[in-house]
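Heads up, the thing below is written out as structure tokens.
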Amino acid sequence: MSAADYCHMARALTLARRGLYSADPNPRVGCVLVRGNEIVGEGWHERAGEAHAEVIALDAAGDRARGATAYVTLEPCCHHGRTPPCTDALLHAGVARVVAAMRDPNPHMSGQGLAVLREVGVAVECGLLEAEARALNPGFIQRMTAGRPLVRIKLAMSLDGRTALASGESRWLTGEAARQDVQRLRARSSAILTGIGTVLADDPSLNVRLSDVSRQPLRVILDTGLRTAPTAKTLQLPGSVLIFTTIAAPDRQAPLRTAGADIVIVSKVGQGLNLAEVMAELVRRECNEVQVECGPTLAGALLQAELVDELVIYMAPLLLGDQAQGLFQLPALARMQDRRELEIVETRVVGKDLRFIFYPTKPLVFN
């Protein structure tokens, strides 16, 4: 690969990022067409059902696409989905070379698009800036390869590790910059998930409040006993609300369905819902990234179920005292060697607060 190849793929990745908030449930993809030393077309996938990045770039290039190199951040599709195959469009345009950052993560399709191109004489290369391409679509990749969405828990805490006063009061723990940062995390997510405890205590909106974002994620409430009020704030807002519960009684469900909620019945595990069934349903609904904003009970349950892929924790420079609420409700450890280890992958100052991103590194072991 040449320096120019790296430069053009980097540009394709920049274009792909424009779909960060809008492409869901599709992957974020960018494409650059180059003939000679000239960029003749660019494109990025904006939203599901609309043209893919390759098609947009080809339309921009017109006849200049013949003999060009296409730099695309994800292997071109070769199947009919919401739109026709991109491989057909590339072949029809006469593209001579295709450089893909990564293969399609769908195990049923991986490599097939590149094979179609290669078989008819197009020069094909794959793997350029693959790590950067994968970082753009962690949830889509996980849904395709593991059959579950990427679960990101967002929490805010004081310097002494507390999330709220004993009374439940928590507004506002962090500053405006951190709260805006959370809005950007929400905007990239397929769904915002919380538990009934948070709904009853805070009556959250669970929506994205950014002026430049039009897509609203699915709003999800885990409500074992179906205690959500039909007047809950989140049910008064545009967009979809999904409630998971164990209560199948139509008369109990009716007021919430009238208020616009979709209700799904799952089984009960202990005192809560079967979280694996919840995740399976979210995958069925094509959720890639699920942002969890909840209290210590649900946060602890997700950790124990080994369903947490990323922890985003904002730390405010203040103290709440040892009677305030903690981050996670977890069983006591019998041995220090059973502690849960986390990998710190990012530390950043956000306004007056600190933001940490952690990845869990090994399974939980509780006696």
Side-chain angles (χ1 to χ4, degrees), residues 13 15-31 43-56 72-86 100-110 112-113 133-152 154 183-194 206-208 210 212-221 237-244 261-262 264 275-293 307 309-310:
L13 287 163
L15 292 169
R17 290 187 187 95
R18 295 183 182 180
L20 186 66
Y21 301 152
S22 62
D24 191 87
N26 287 355
R28 299 124 184 172
V29 181
C31 179
W44 54 282
H45 182 53
E46 183 171 3
R47 58 178 54 90
E50 296 187 1
H52 287 190
E54 299 95 318
V55 173
I56 295 172
V72 61
T73 60
L74 182 67
E75 175 183 1
C77 63
C78 62
H79 63 283
H80 284 271
R82 295 183 178 95
T83 58
C86 290
M102 62 175 288
R103 291 190 174 200
D104 190 329
N106 185 335
H108 302 295
M109 304 304 302
S110 183
Q112 293 187 24
R134 296 181 71 86
L136 266 177
N137 292 294
F140 179 79
I141 293 170
Q142 180 152 303
R143 177 164 67 87
M144 290 293 109
T145 58
R148 71 174 182 85
L150 180 140
V151 175
R152 175 188 300 115
K154 185 281 298 181
Q183 291 296 315
R184 288 186 284 272
L185 287 177
R186 285 184 177 186
R188 66 173 290 162
S189 302
S190 308
I192 312 299
L193 183 149
T194 194
L206 301 176
N207 64 338
V208 176
L210 296 175
D212 58 341
V213 173
S214 58
R215 181 189 66 86
Q216 286 291 335
L218 174 67
R219 302 192 293 277
V220 181
I221 301 171
L237 301 172
S240 301
V241 177
L242 174 61
I243 299 176
F244 287 95
D262 190 3
V264 172
L275 296 174
E277 291 181 12
V278 169
M279 295 305 161
E281 176 63 20
L282 293 178
V283 163
R284 193 186 71 78
R285 293 172 183 250
E286 297 186 297
C287 290
N288 295 327
E289 300 179 26
V290 175
Q291 177 148 320
V292 181
E293 302 185 15
L307 290 172
D309 301 290
E310 184 177 309

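Keep in mind the model is a prediction, meaning the values are calculated, not measured. When reading the values below, keep in mind they use all heavy atoms of this one structure, side chains included, and skip hydrogens, waters and symmetry mates.
- Rounded to the nearest 0.5 angstrom, L242 CG and I192 CD1 are separated by 13.0 Å.
- Across all non-hydrogen atoms, the minimal contact from L15 to C31 is CD1-O, 3.6 Å.
- For H45 (side chain) and A51 (main-chain N/O), a donor-acceptor pair under 3.5 Å exists by modelled atom type.
- For the salt bridge (Lys or Arg N to Asp or Glu O under 4.0 Å) test, residues two or more places apart in sequence or in another chain that qualify with D309 are R148.
- Considering only heavy atoms from C-beta on, L282 comes within 4.5 Å of L193 through its side chain.
- Checked by atom type and distance alone, the side chain of Q291 never pairs as donor or acceptor with a backbone atom of R152 at under 3.5 Å.
- In this structure E75 satisfies the salt bridge (Lys or Arg N to Asp or Glu O under 4.0 Å) test with no other residue, sequence neighbours excluded.
- A search for side chain to side chain contact (heavy atoms under 4.5 Å, CB included) contacts involving C77 returns H52, H79, C86, not counting sequence neighbours.
- Under the salt bridge (Lys or Arg N to Asp or Glu O under 4.0 Å) criterion, R285 pairs with D262, E281, sequence neighbours left out.
- The minimum heavy-atom distance linking E293 with T194 is given by the pair O-OG1, 2.6 Å.
- Side chain of T73 to main chain of A133: no donor-acceptor pair is present (N/O by atom type, distance under 3.5 Å, no hydrogens or angles).
- The side-chain hydrogen bond (donor to acceptor under 3.5 Å, both in side chains) test applied to Q112 returns no partner, not counting sequence neighbours.
- The salt bridge (charged side-chain N to carboxylate O under 4.0 Å, His left out) pairs that include a residue from residues 15-26 are D24-R215, where partners are two or more places apart or lie in different chains.
- A heavy-atom distance below 4.5 Å is not found between the side chains of P138 and E310.
- When all heavy atoms are compared, the tightest approach of N26 to A48 is ND2-CA, 3.5 Å.
- Of all the heavy atoms in G30 and A16, the pair that sits closest is N-CB, 3.3 Å.
- Listed by chain and residue number, nothing satisfies the side-chain hydrogen bond (donor to acceptor under 3.5 Å, both in side chains) test with Q216 (two or more places apart in sequence, or in another chain).
- Residue N137 holds its CG atom at 8.0 Å from CG of N288, rounded to the nearest 0.5 Å.
- Residues forming a salt bridge (Lys or Arg N to Asp or Glu O under 4.0 Å) with R188 (at least two apart in sequence, or on another chain): E289.
- Counting all heavy atoms, side chain and backbone alike, V72 lies closest to E54 at CG2-OE2, 3.6 Å.
- Residues passing the side chain to side chain contact (heavy atoms under 4.5 Å, CB included) test with M144 are P105, N106, F140, sequence neighbours excluded.
- The shortest distance between side-chain heavy atoms of V290 and S190 does not fall below 4.5 Å.
- For A187, the side chain to side chain contact (heavy atoms under 4.5 Å, CB included) partners are Y21, V208, L210, V213, not counting sequence neighbours.
- Atoms CG and CG, from L150 and L307 in turn, are 11.5 Å apart once rounded to the nearest 0.5 Å.
- For E46, the side chain to side chain contact (heavy atoms under 4.5 Å, CB included) partners two or more places apart in sequence, or in a different chain, are S22, W44, E50.
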Problem set entry | Stepwise side chain to side chain contact (heavy atoms under 4.5 Å, CB included) test for M279 and V151 | CA-CA 9 Å; M279 295 305 161; V151 175; 3.8 Å; yes

